[in-house]
Amino acid sequence: MKKSNYLLLMLAAGMLAFQSCGNSNSGKTDSTEQAAEANEQKDNVHPEDSDFMVKAADAGMAEVELGNLAQQNASDQRVKDFGAMMVKDHTKANDELKALAATKNVTLPATLGEEHQKHFEEMKKMTGAEFDKHYMDMMVNDHQKVIDMFESASENEKDLDVKAFASKTLPVLNAHLASAKEVNDALKK
């Protein structure tokens with residue numbers, strides 16, 4: 001009897017400890033917010049560097065997820081091919097960013113941020129020409145935003161390795177933007 005009471009007490013204490021740890025994110029379920037919050041707690045992580053890396057990881061994961069979706073839901077072969085390129089190139093960049101983040105003790109989001117996840121869920125319902133047009137418009141707009149972010153990082157980040165990653169990735173992003181514009185224009189004809 002005493003042994004079972006002790007086990008129950010230990011189980012209850014463990015659950016309480018787990019709940020208090022689980023509530024440390026103030027109820028936030030957004031993976032990007034959780035990563036940013038974790039990085040704020042670290043003394044050896046520069047806020048601007050970690051902020052860029054978290055945003056880059058979220059954008060990169062979104063490109064991969066949406067690229068996979070494009071290969072399934074698009075009707076135009078150019079859109080499917082563009083999606084395949086997004087998966088290949090952004091998986092490579094994401095892997096490089098994960099390795100860099102590990103060396104810098106930066107926490108990256110494990111899943112899509114809330115905004116990207118919501119958009120992904122909306123796009124899952126689209127197929128054919130509707131999907132093609134929406135996806136390619138989004139790819140043009142998103143790549144322009146991401147290029148601006150990477151250009152700023154390549155010029156302004158404090159950490160030289162983070163700066164180098166941003167600079168190295170920029171030509172690929174610019175090539176994606178040019179390709180996205182080309183496919184997008186062709187769809188409008």
Side-chain angles (χ1 to χ4, degrees), residues 22 24-70 82-124 134-181 184:
S24 67
N25 67 11
S26 307
K28 293 179 183 158
T29 57
D30 188 303
S31 185
T32 57
E33 290 179 23
Q34 290 175 357
E37 210 171 79
N39 292 324
E40 287 174 9
Q41 306 301 319
K42 300 174 183 177
D43 293 334
N44 61 335
V45 176
H46 193 279
E48 289 174 17
D49 294 332
S50 65
D51 185 50
F52 165 74
M53 294 191 334
V54 166
K55 288 177 182 175
D58 185 42
M61 284 188 293
E63 296 296 350
V64 171
E65 293 296 321
L66 291 169
N68 282 323
L69 189 60
F82 184 86
M85 179 176 64
M86 292 299 95
V87 171
K88 180 180 151 273
D89 292 350
H90 283 282
T91 296
K92 181 181 180 214
N94 291 349
D95 290 344
E96 291 173 7
L97 181 58
K98 286 177 193 172
L100 176 61
T103 66
K104 304 295 178 185
N105 192 29
V106 171
T107 301
L108 297 179
T111 59
L112 291 178
E114 196 174 294
E115 184 179 328
H116 281 125
Q117 185 62 43
K118 182 180 175 188
H119 200 181
F120 177 77
E121 294 300 325
E122 291 169 1
M123 289 187 68
K124 277 178 30 178
H134 184 86
Y135 176 68
M136 293 314 302
D137 277 341
M138 186 183 68
M139 288 296 98
V140 169
N141 293 331
D142 284 0
H143 276 86
Q144 288 172 333
K145 291 175 191 171
V146 169
I147 286 170
D148 290 344
M149 181 176 74
F150 272 71
E151 283 176 344
S152 176
S154 71
E155 295 168 7
N156 302 319
E157 289 304 320
K158 307 292 184 235
D159 187 287
L160 296 179
D161 295 328
V162 175
K163 247 182 169 171
F165 169 77
S167 295
K168 176 185 173 193
T169 308
L170 266 171
V172 176
L173 295 172
N174 281 310
H176 289 170
L177 177 59
S179 182
K181 285 180 177 179
N184 197 32

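None of the values given here were measured: they were computed from a predicted structure. Residues: numbered from 1 along the sequence shown.
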Can you give me the closest heavy-atom contact between [X] and [Y], atom names plus distance?
X	Y	answer
Asp161	Lys104	OD2-NZ, 2.7 Å
Ser167	Pro171	O-CD, 3.2 Å
Leu100	Val162	CD2-CA, 4.0 Å
Met139	Leu66	CE-CD1, 4.4 Å
Glu65	Leu112	CG-CD1, 4.0 Å
Tyr135	Gly67	OH-CA, 3.7 Å

Working to the nearest 0.5 angstrom, can you tell me the gap between [X] [atom1] and [Y] [atom2]?
X	Y	atom1	atom2	answer
Asn184	Phe82	CG	CZ	9.5 Å
Asp142	Glu63	CG	CD	6.0 Å
Leu177	Ile147	CG	CD1	4.5 Å
Glu155	Lys163	CD	NZ	8.5 Å
Phe165	Glu157	CZ	CD	11.5 Å

Give a yes or no answer on whether the side chain of [X] reaches the backbone of [Y] with a donor-acceptor pair at less than 3.5 Å.
X	Y	answer
Ser154	Glu151	yes
Asn174	Leu170	yes
Asp159	Asp49	no
Ser152	Asp148	no

Report yes if the side chains of [X] and [Y] come closer than 4.5 Å at any heavy-atom pair, otherwise no.
X	Y	result
Gln144	Asn141	yes
Leu69	Met123	yes
Glu37	Glu33	no
His143	Met86	yes
Met61	His116	no
Thr111	Gln117	no

For this session: Output, in order, the C-alpha distance, side-chain angles, deciding distance and verdict of salt bridge (Lys or Arg N to Asp or Glu O under 4.0 Å) for Glu121 and Lys118.
Result: CA-CA 5 Å; Glu121 294 300 325; Lys118 182 180 175 188; over 6 Å; no
For this session: Check the pair Glu96, Lys168 against side chain to side chain contact (heavy atoms under 4.5 Å, CB included), reporting the backbone distance first and the verdict last.
Result: CA-CA 11 Å; Glu96 291 173 7; Lys168 176 185 173 193; 3.2 Å; yes
Exercise. Where does the angle between the aromatic ring planes of His90 and His176 fall among parallel (under 30°), tilted (30 to 60°) and perpendicular (over 60°)?
Worked result: tilted
Problem set entry | His119/Glu115 under side chain to side chain contact (heavy atoms under 4.5 Å, CB included): CA gap, chis, key distance, verdict | CA-CA 6 Å; His119 200 181; Glu115 184 179 328; 5.9 Å; no
